[in-house]
Every structure is written in C-alpha cells, then in structure tokens.
Chemist: 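Just passing along the structure, written as structure tokens.
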Amino acid sequence: MTAARVLSPSELQQVAHRRFNPLKREWVLVSPHRTERPWLGKVEKSATSSQPAYDAGCYLCPGNSRAGGARNPQYPTTFVFDNDYPALLPDAPDASLDELGLLVAEAEAGICRVVCFSPRHDLTIPRMALAELRAVVDVWAEQYQSLAAIPWIQHIQIFENRGALMGASNPHPHCQIWANAHMPNEAEREQASLQAYQGGRHSCLLCDYLKLELKLEERLVCQNDAFAAVVPYWAVWPFETLLLSKRHLGAMHDLSRGERDLLGDILKQLTTRYDNLFEVPFPYSMGFHQRPADRQPHPEWHLHAHYYPPLLRSATVQKFMVGYEMFAMPQRDITAEAAAARLRAVGPAHYLDRSSNP
Ligand code: H2U
Ligand code: ZN
C-alpha cells in the first residue's frame, strides 16, 4: 500500500502510527492518543535508601573479599576483575551440532569481567566528578583494546545494569564486560543495517541520523562538542536514549583525549537528567556498541550507547514488555518527542545538589 500523503508533525503526536527502527530493522507502534487518558500527575517517590561510602558486606568495596574467596585490593580509582561467576569461559571445545537446522548448537568461548567505577560504595555516574568519569572511560577503552587483541574474540560488550529493577546485584557503581567468540544477536543486526546503509548510500547511517536530529532538535536531550543524546525516533522504552559520538569512529579507543573527557561529561549530563525525572536514582540498562573485534576495518561502524530504562510514569510505575509486545511488536504511548521534552525540562543540576535537598 502506498500512503496517500506525508504524516504531519501534529498527526505524529495524535494518531496511532508505526515507526521504523533502521538499526534493528523492525517497527514500533506508537499510540499517542492513549496519553490523553486521565492521569493525576502524581509522582510517587520510592524510598531511596542512602548508601554508606564503605560497606563491609559489599563484594565490590576495596579490601573486601568476594564470593569466590579473592580479596579486592585497596584500589584508589577503578578496579577490574574476572567475574567469579562467568557466563562464558575461555576454554570451550571446538564443537557444534546441527540436526536438520532444527537442533542447532555451538560451543561458545568468552571472558567475563566486572569493572568497579569507584572505590566509593555510595557514588553513581551522575554523582561522580568528571575526572573520575574520565578514568572509567580510559578503563573501558583499555579493556576493549586488550580483549580485542585476543585472536578468538569477535565482540566485546560493555554494559551497566543500574538499580535492583534492572537486576543489578549491588548498588556499588560497576559494570560488566562480556567478550566472546561470536557476534551476539543485537550487534549482528546492527552490523547488517550499518553495512547495508553504507553500501546503498555511501554514508554512515548514524552520522546521517545524528545530522537530522541536531537540525530538528525535538528529540535532543543534551549534547557537548563530541557527543549528543537523543530519544531515538523509534524508541521503545518510554525514556530510552541513544548516545552518539559526533565524529565518525568505531571504538572508544579512537576517541581523542578531549573526546574521552566529553564522553564522561555526556554520561553525567544524561544520567543527571534521568535521576531528576522522578527524583530517584533512575534504573536502566545501558550498553556501548563498538565495532566488532574481528580485525576487519569496519568503516560502517559508529560508536554509540543505548540506554533502556524501564520506568514509565513515576518511580514505581514501570513499563512491561508483555501482551501485544510479546506476540506482535513493541508499543509505546508517550511519543519520543514528548519524552525528550520532559528530559530537557528537568534541568542540568542534580536534584540532590539543590539547596532544598542538602
Ligand atoms: P550485576 O550487578 O550487573 O549483576 O553485576 C555484578 C556481577 O558481579 C555479576 O555478574 C559478579 C556477578 O557474577 N560477582 C562476582 O564476580 N563476585 C562476587 O563476589 C559477587 C558477584
Ligand atoms: Zn561497595
């Protein structure tokens, strides 16, 4: 079916429509008229327990022992260790199985690490100083490079689960790195889209997308000279964001020193706005997508991060991916433009730094 005319900007805020995600090459259903349902606008705050700077029972705090018996050093900045409960191990047999294309399996090798962002148990990215965040960026870049140098590693996934709602096992600021011998699903899908776009248009999908977003500004949340964060046009989670480098590069170690500082700055800007939205430590899963570690040049890759936060209307009302989303396709009510406007409106200063919140 060929559409008779172009959807107007006001129609995009009022009528049910579907939007295309060019990275995943799938559709999301948007139902903005449903947000006209009565809503009292009440913001329910969940009790946020303040954390001590050091917790004797924390397996990530300096000097404490972990579950496997190893003891953490008195680390002054960041600390990386091999996960004591790794989902993947480096020694996997070279073996696979294929029965009629129906029973298919391959042994999978990998390396899993944990990165502590700070010795302080009570800090989070929005509450860390820029110099501390720069140290985290440097560790991420070093880890990618050293893991990518291992011949059998193909992909390196850096991700952070923040908050119990997202399955984080511990409030101590940390992330995980899983590096493995095959491209995982999400990276493979993005890889195919980036490659096809570059093949067809001789241009980068994410460079072109960022150019549009910086011109239109309606989905822009925050930016600095090297990075921009937008609620992507095709966002599924209510306050999902996409963080893009302004320069076309495929991995974090390609960033200049100044750009590394600015990566720390944009992480802080964005997560501060997230915390300000409902005045709670905002839960999310975030992950960086960098070029595959297969020793090919991959000029189509563009460094970015996805933030997938589950909260919808308040600190306690979350979106569930159930029903229609399980059986048909993802769906959202609040538009990407409305979500971006709310994230812009909350302001750049962290709510805990306001004078009313000593
Ligand atoms: P999450 O909070 O995202 O679950 O990350 C914590 C990781 O820390 C988790 O993968 C590991 C878990 O396996 N861990 C250790 O390696 N050692 C421990 O003593 C406890 C938890
Ligand atoms: Zn701790």
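Read the numbers this way: they start at 1 and go in the same order the structure lists the ligands and their atoms. The figures here come from the full heavy-atom set of this structure, side chains too, leaving out hydrogens, waters and symmetry mates.
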Chemist: Among all protein non-hydrogen atoms, which one is nearest to atom 17 (N) of ligand 1, and what is the separation to 0.1 Å?
Modeler: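 Sorting protein heavy atoms by distance from atom 17 (N) of ligand 1 puts Asp84 OD2, 2.7 Å first.
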
Chemist: Salt bridge check, Arg344 against Glu217: does any charged N sit closer than 4.0 Å to a carboxylate O?
Modeler: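 Salt bridge flag = no for Arg344 with Glu217.
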
Chemist: Between ligand 1 and Phe159, can you find any atom pair, the residue atom being a heavy atom, that is separated by under 4.0 Å?
Modeler: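 No, Phe159 has no heavy atom closer than 4.0 Å to ligand 1.
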
Chemist: Using side-chain heavy atoms (C-beta onward) and a distance below 4.5 Å, is Thr271 in contact with Phe282?
Modeler: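 No, every pair of side-chain atoms sits at 4.5 Å or beyond.
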
Chemist: Answer yes or no: does atom CG of Asp225 have more than 12 heavy-atom neighbours from other residues, nucleotides or ligands under 6.0 Å?
Modeler: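 No, not enclosed.
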
Chemist: Going by an N to O cut-off under 4.0 Å, is there a salt bridge joining Glu279 and Arg354?
Modeler: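 Salt bridge between Glu279 and Arg354, a charged N being under 4.0 Å from a carboxylate O: yes.
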
Chemist: Give me the nearest non-hydrogen protein atom to atom 5 (O) of ligand 1 as residue plus atom name, then the distance to 0.1 Å.
Modeler: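 Result: Gln176 NE2, 3.0 Å.
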
Chemist: Does Glu160 reach ligand 1, in the sense of a heavy atom lying below 4.0 Å from it?
Modeler: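 Not so, Glu160 does not reach ligand 1.
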
Chemist: Taking 4.0 angstrom as the limit and counting only heavy atoms of Ala67, give me the atoms of ligand 1 inside it, by number and element.
Modeler: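 Those of ligand 1 that fall under 4.0 Å from Ala67 are 18 (C), 19 (O).
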
Chemist: Roughly how far, to the nearest 0.5 Å, is NE2 of His302 from CD of Gln198?
Modeler: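 Separation between the atoms: 12.5 Å.
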
Chemist: Return yes or no for this condition: an N or O of Asn161 is under 3.5 Å from an N or O of ligand 1.
Modeler: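 Min N/O separation from ligand 1 is below 3.5 Å for Asn161.
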
Chemist: Can a salt bridge be assigned to the pair Glu300 and Arg291 using a cut-off of 4.0 Å between side-chain N and carboxylate O?
Modeler: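 So Glu300 does not pair with Arg291 through a salt bridge.
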
Chemist: Angle at the Zn ion (ligand 2), ND1 of His172 to SG of Cys61, rounded to 10 degrees, please.
Modeler: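 Taking the Zn ion (ligand 2) as the apex, the two atoms subtend 110°.
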
Chemist: Going by the order shown, which atoms of ligand 1 are within less than 4.0 Å of some heavy atom of Ser169?
Modeler: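 Listed by number with element: 1 (P), 2 (O), 4 (O), 5 (O), 6 (C).
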
Chemist: Can an N, O or S atom be found in Cys58 less than 2.8 Å away from the Zn ion (ligand 2)?
Modeler: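 Of the N, O and S atoms in Cys58, at least one lies under 2.8 Å from the Zn ion (ligand 2), which means yes.
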
Chemist: Can a cation-pi geometry be assigned to Arg18 and Trp27, taking NZ or CZ under 6.0 Å from the six-membered ring centre and within 45° of the ring axis?
Modeler: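 Here Arg18 passes the 6.0 Å and 45° test against Trp27.
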
Chemist: Considering only the protein, which heavy-atom contact is closest to atom 12 (C) of ligand 1, and what is its distance?
Modeler: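 Result for atom 12 (C) of ligand 1: Asn83 OD1, 3.6 Å.
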
Chemist: Could you tell me, atom by atom, which parts of ligand 1 come under 4.0 Å of a heavy atom of His174?
Modeler: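 So the atoms of ligand 1 that pass are 1 (P), 2 (O), 3 (O), 5 (O), 6 (C).
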
Chemist: Considering Tyr59, Phe81, Trp178 one by one, which has a heavy atom nearer to atom 21 (C) of ligand 1 than any of the others?
Modeler: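 When every heavy atom of Tyr59, Phe81, Trp178 is considered, Tyr59 comes closest to atom 21 (C) of ligand 1.
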
Chemist: Identify, for atom 8 (O) of ligand 1, the protein heavy atom at the shortest distance, and state residue, atom and that distance.
Modeler: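 Nearest protein contact, heavy atoms only, for atom 8 (O) of ligand 1 is Val114 CG2, 3.7 Å.
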
Chemist: Do the side chain of Arg201 and the main chain of Ala196 share a donor and acceptor less than 3.5 angstrom apart?
Modeler: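 Flag not set: sc Arg201 to bb Ala196 has no pair under 3.5 Å.
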
Chemist: Can a cation-pi geometry be assigned to Arg66 and Phe81, taking NZ or CZ under 6.0 Å from the six-membered ring centre and within 45° of the ring axis?
Modeler: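 Yes, a cation-pi geometry holds between Arg66 and Phe81.
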
